[in-house]
Amino acid sequence: MSWLPLSFGFPAVLWGLLALPVIWWLLRLTPPKPQMEIFPPLKILARVMKKEETPHQSPWWLTLLRLLMATLIVLALAEPVFNPREKLPTGGAALALVVDNGWASAPDWDRRVATAERLIADAASTGVPVVLAFTAEKPNAEIGPFDAEAARDRLRATEPRPVPVDRPAVYARVAAALETLPGASVAVLADGLAAEGDEAAFAGLLGNAPNVVWAVPERLSSIGLTAAENEVDGFRISAVRAADPTMRQITAGAFDDKGRRIADAVLTFGAGEAEATGRLQVPFELRNDFSSIAIDGEPQAGAVRVLDENSKRRRVGLLSQSEADRAQPLLSPLYYIRRALEPFADLVEPSSPDLAEAIPQLLEQKPAMIVMADVGTLPDTARTRLIEWMRNGGTLVRFAGSRLAAAGNDEELLPVRLRVGERSLGGALSWTEPQPVTEFPSTGPFGDLAPPSEVTVSRQILAEPTADIVERTWANLADGTPLVTGARREKGTVVLFHITPEATWSSLPISGSFVEMLRRIVQLSRNQGSAAAGAEGQTGSLAPYRMVAANGALVPPTPDARPLAVGGGKAPVTIENPPGLYGTEEGVFAHNLLDAETALAPLVRPRIEAPVTEMRYAFDESRNLKGPLVAAALLFMVLDTLAVFWMGGVFSRRPKRAGRTSGSVAALLVAVIGVFALSGHADAQDAKPGDADAIDAISTTRLAYVLTGDAGVDSISRAGLAGLSRFLVEKTALEPGQPAGVDIARDELAFYPIIYWPIDPNAAMPTEAAIARIDAYMQQGGTVLFDTRDQFSTGLDSGSSSPANERLREILGDLNVPPLEPVPPDHVLTKAFFILPEFPGRFNGGPLWVEASLEAENTDNRPVRTGDGVTPIMITANDFAGAWAVDENGEAMLPTVPADPMQRVLALRAGVNIVMYMLTGNYKSDQVHVPVLLERLGQ
């Protein structure tokens with residue numbers, strides 16, 4: 001029995017309301033006992049002959065009170081519930097509750113727990129046991145059955161895990177447990193994402209269930225990072241989401257190993273798109289400092305990607321057959337290559353000149369790239385290992401020369417087929433001139449580089465013209481012949497410079513373009529792992545170092561984490577090997593939750609014969625009214641008792657003297673009230689218009705802001721001061737009232753200790769009278785906080801020419817402004833309440849200007865000896881109100897720049913210090929004198 005939004009647990013009790021007329025009749029028939037008084041004997045004799053009168057019914061108000069009390073008792077016994085929820089089907093032999101607690105459930109885990117608690121409460125009301133299982137726990141985790149209290153405790157103790165769910169294994173265990181509990185209801189609380197093996201898992205669990213409760217999120221908003229590649233011109237990141245018809249833009253940040261934000265990237269999902277990419281455009285040196293990348297506003301493990309050496313500085317192996325490498329280093333073919341690669345790569349060279357030994361030695365060092373300068377025919381064993389290394393992701397760079405020209409074509413180790421011999425340009429017997437380098441093809445890695453105008457090529461090895469020669473050409477000469485060619489070899493790349501690395505065939509090796517070209521090729525390469533990992537072989541393991549928690553934070557290893565086996569393919573993400581960094585401080589291996597092939601698809605509800613009840617994740621908003629109704633009935637019972645006592649004369653049985661005294665006191669009170677009424681009437685006649693507003697303004701401390709006439713600026717000012725007032729109430733003993741917007745031309749300014757003035761260059765210039773009122777307010781002890789909100793320096797000697805600064809100079813030109821200085825490190829503002837080294841707002845970078853100390857030249861004697869006054873003016877450009885502004889729910893309205901939550905906290909603390917400084921003056925500065933005063937008192 002239910003009438004929305006109210007329902008009753010025992011609606012049959014409501015029939016008791018029919019007894020109210022009987023109760024009314026009984027109360028009217030049996031009035032309370034009359035008041036008994038003792039009279040003098042003569043008075044009794046005088047009334048002997050009078051007819052005795054007694055009340056024949058109770059007063060109407062007492063009857064109404066008792067009827068209300070009876071009504072409340074009946075309603076309480078019926079157990080009413082306000083905003084009731086529908087009771088879910090949890091009957092049968094048991095309730096099987098299966099909850100997804102993988103990485104996708106972390107953002108709204110509290111709602112899922114509240115939903116599961118409602119199911120457990122319904123099971124408790126029917127007295128059935130609960131089988132509780134989680135799909136991201138250890139395989140041997142206990143699943144019950146439990147009683148309702150034990151199930152609730154286990155539910156509250158469980159947390160989301162940063163791993164994928166394992167529905168097939170967990171569902172199979174639950175199905176096995178239900179074999180001894182036939183007819184059990186099944187409730188599936190899923191994360192909404194499809195996983196491998198779902199169809200078979202649901203069929204095994206839900207096939208024989210009499211009824212099913214199905215809960216999934218209303219909207220799949222989770223976003224995961226699937227790749228992060230350190231490319232030539234930036235760091236490219238890829239993200240995925242479940243298909244969504246709406247467009248969405250997200251921001252991702254790159255962090256170093258100390259958690260500092262280095263760079264930002266914006267990724268945009270188009271309408272209906274499930275994938276998006278973004279690019280972090282920062283220098284190569286900064287990209288090497290990246291330790292992790294995280295999506296803003298996504299507190300889950302899939303939105304975080306940790307990085308290891310594969311995304312950092314590359315190891316490059318150098319190889320040459322020339323015997324002049326050691327005897328004459330300047331003539332070595334590797335000399336210019338070393339000079340070009342040393343600034344941004346780790347160079348390794350073999351100790352043996354024999355290619356059969358040199359190549360394996362280089363491969364053991366796990367290089368990302370190998371450079372071979374004029375290397376001819378390779379031994380078969382070394383060639384096979386080199387090809388295997390290249391196909392697994394290595395980058396092979398070869399330079400031409402006489403040995404390579406005589407070695408013939410090797411299709412695996414050359415990007416194009418070569419003509420026999422070499423081509424000479426500009427010699428005594430040649431009709432041609434040395435050729436310059438032309439524009440680089442846009443499809444190659446050098447597409448955005450300017451061609452070196454000073455470089456010419458006099459000798460080269462020509463490529464055979466083929467159908468794909470244009471696609472494989474990365475650099476051309478002016479006559480169209482290839483200078484640099486490249487081709488893919490499965491996961492790797494082979495590149496050929498058709499010239500020698502010395503300055504004999506070309507002037508390219510001694511140009512700046514040669515350095516940039518090699519740098520681009522290095523960035524195209526991929527790290528093959530650390531040398532230490534290679535020495536351990538394919539069966540090595542790395543200890544957990546830093547783990548990614550379910551909310552996306554990097555935390556120390558959990559007790560469940562175990563060493564990760566490296567090599568032999570990508571290891572799966574499990575409870576024992578959660579996502580994170582494995583290794584030591586000397587080197588780590590990144591084990592990420594999602595890979596490049598990951599796709600997020602919505603979970604499809606299985607088709608089953610049993611009835612399915614769908615529910616949504618939400619907190620329980622129903623309220624049981626039994627307790628409040630019983631409390632109200634008890635209160636009415638107390639009032640009824642007091643009324644009976646009063647009517648029985650319990651409170652009036654006092655000596656006559658006391659009665660006379662009370663009568664005199666009553667008369668005196670009436671006289672006093674009359675006097676105050678007359679005086680109040682006289683005061684009302686003498687009151688002036690505006691007195692009520694003045695009394696209201698000074699009854700509580702209020703922060704004020706200047707009305708600029710721009711609705712947007714004024715609303716942010718009011719919301720900012722409201723947010724600061726809320727923070728003051730939370731952190732201090734001050735409880736300010738609502739912020740007040742003031743018109744400096746008309747309103748009284750003396751009621752407010754500080755006035756926040758946002759400079760709006762589009763607003764009208766204040767009149768001379770208004771400026772004069774502001775000047776008088778500052779001279780009489782008030783303070784004006786000017787905020788240009790443009791993050792430029794607002795010093796009076798600044799060369800800034802922003803519109804807000806120009807307007808500020810016009811306003812200050814008519815004011816008596818004292819000398820100003822940025823807040824010194826030992827100023828009272830830095831320690832008025834919080835210890836603050838700086839005063840950021842929505843922006844961070846501009847200083848806060850205040851009145852200069854009297855002895856500003858003597859830094860050891862300020863500001864503690866400048867008196868107890870406060871600065872009449874403050875100037876900033878950091879947009880304080882924008883950082884303080886909150887909406888009705890207490891949520892920040894504007895983002896900070898940069899988007900750092902701690903910057904908003906520091907901005908609020910700066911506001912607290914400013915208010916405390918304005919209200920207390922420099923009293924904290926006097927604490928500096930305490931040791932001296934105590935020393936003098938001791939003397």
Side-chain angles (χ1 to χ4, degrees), residues 227 229-236 277 279 281 283-284 287 314 316 336-337 340-341 344-345 368-373 390-391 393-400 404 409-419 423 435-457 460-501 505-527:
E229 299 292 338
N230 197 347
E231 296 182 343
V232 176
D233 56 347
F235 214 105
R236 183 176 62 86
T277 59
R279 188 173 297 275
Q281 300 284 0
F284 167 74
R287 297 201 301 272
R314 306 296 196 264
V316 178
Y336 295 108
I337 296 176
L341 294 177
F344 50 87
M369 186 174 81
I370 294 179
V371 180
M372 297 196 307
M390 183 172 57
R391 289 179 176 176
T395 300
L396 177 63
V397 180
R398 306 192 65 178
F399 283 82
L404 181 62
N409 284 292
D410 189 337
E411 294 183 358
E412 289 290 341
L413 299 179
L414 290 173
V416 294
R417 291 185 58 83
L418 302 179
R419 291 185 178 182
R423 175 195 185 196
Q435 292 292 313
V437 180
T438 187
E439 296 285 339
F440 294 112
S442 59
T443 57
F446 314 138
D448 58 342
L449 295 179
S453 58
E454 75 280 4
V455 172
T456 58
V457 176
Q460 68 176 138
I461 293 181
L462 293 175
E464 288 283 357
T466 58
D468 57 352
I469 187 65
V470 176
E471 299 176 359
R472 301 188 178 190
T473 301
W474 291 2
N476 283 321
L477 297 182
D479 60 1
T481 57
L483 175 63
V484 182
T485 56
R488 298 288 298 177
R489 292 292 184 266
E490 295 185 7
K491 296 182 180 180
T493 307
V494 58
V495 183
L496 173 64
F497 282 75
H498 292 246
I499 58 174
T500 61
W505 288 21
S506 169
S507 59
L508 179 63
I510 60 176
S511 68
S513 297
F514 184 71
V515 178
E516 186 60 25
M517 293 169 74
L518 286 180
R519 178 179 176 274
R520 295 296 179 93
I521 298 174
V522 169
Q523 288 301 295
L524 289 177
S525 65
R526 300 175 57 186
N527 280 337

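What you are looking at is a predicted structure, and each value in this text was computed from that prediction instead of being measured. We're numbering straight along the sequence, starting at 1.
Here the side chains of Ile337 and Val397 are not in contact, with every heavy-atom distance at 4.5 Å or above. Residues Pro465 and Arg419 have side chains in contact (heavy-atom distance under 4.5 Å, counting atoms from C-beta outward). Counting heavy atoms from C-beta outward, Phe440 and Met517 have side chains that approach closer than 4.5 Å. Side chains of Leu496 and Leu418 form a contact here, defined as non-hydrogen atoms less than 4.5 Å apart.
In this structure, the side-chain hydrogen bond (donor to acceptor under 3.5 Å, both in side chains) partners of Thr466, at least two apart in sequence or on a different chain, are Asp468. With sequence neighbours left out, Glu412 forms a side-chain hydrogen bond (donor to acceptor under 3.5 Å, both in side chains) with Arg391. Listed by chain and residue number, nothing satisfies the side-chain hydrogen bond (donor to acceptor under 3.5 Å, both in side chains) test with Asn476 (two or more places apart in sequence, or in another chain). For the side chain to side chain contact (heavy atoms under 4.5 Å, CB included) test, residues two or more places apart in sequence or in another chain that qualify with Glu454 are Pro452, Ser511. Residues passing the salt bridge (Lys or Arg N to Asp or Glu O under 4.0 Å) test with Arg489, sequence neighbours excluded: none. In terms of the salt bridge (Lys or Arg N to Asp or Glu O under 4.0 Å) criterion, residue partners of Arg417 (sequence neighbours excluded) are, by chain and number, Glu411.
The CD atom of Glu471 sits 10.0 Å away from atom CD1 of Ile469, with the distance rounded to the nearest 0.5 Å. Within the model, atoms CZ of Arg398 and CD1 of Ile461 stand 9.5 Å from one another, a figure rounded to the nearest 0.5 Å. Annotation: the span from Ile499 atom CD1 to Ser507 atom OG amounts to 8.5 Å, rounded to 0.5 Å. To the nearest 0.5 Å, the span separating CG on Leu404 from OG1 on Thr500 amounts to 11.0 Å. Interatomic distance, CG of Leu396 versus CE of Met390, reported as 6.0 Å (0.5 Å rounding).
When atom types are taken as modelled, the side chain of Thr395 and the backbone of Thr493 share no donor-acceptor pair closer than 3.5 angstrom. Under the 3.5 Å distance criterion, the side-chain polar atoms of Arg314 are left unmatched by any main-chain donor or acceptor of Met369. With hydrogens and angles ignored, the 3.5 Å screen pairs no side-chain donor or acceptor of Arg472 with any backbone N or O of Val416. A donor-acceptor pair is defined here as one N or O able to donate and one able to accept, closer than 3.5 Å; such a pair exists between the side chain of Ser506 and the backbone of Thr456.
Side-chain atoms of Thr481 and Gln460 form a donor-acceptor pair, as typed in the model, at a separation below 3.5 Å.
Between Thr485 and Pro415, the shortest heavy-atom distance links the atoms OG1-CG, 3.2 Å. Pairing each heavy atom of Leu508 with each of Leu483, the nearest pair is CD2-CD2, 4.2 Å. Across all their heavy atoms, Pro509 and Pro501 have their closest contact at CB-O, 3.2 Å. Contact detail for Asp448 and Pro445: the closest heavy-atom pair is OD1-O, 4.2 Å.
Ring geometry for Phe497 versus Phe399: interplanar angle under 30°, hence parallel rather than tilted (30 to 60°).
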| field | Verdict with reasoning, Arg520 to Leu449, per side chain to side chain contact (heavy atoms under 4.5 Å, CB included) | value | CA-CA 10 Å; Arg520 295 296 179 93; Leu449 295 179; 3.5 Å; yes
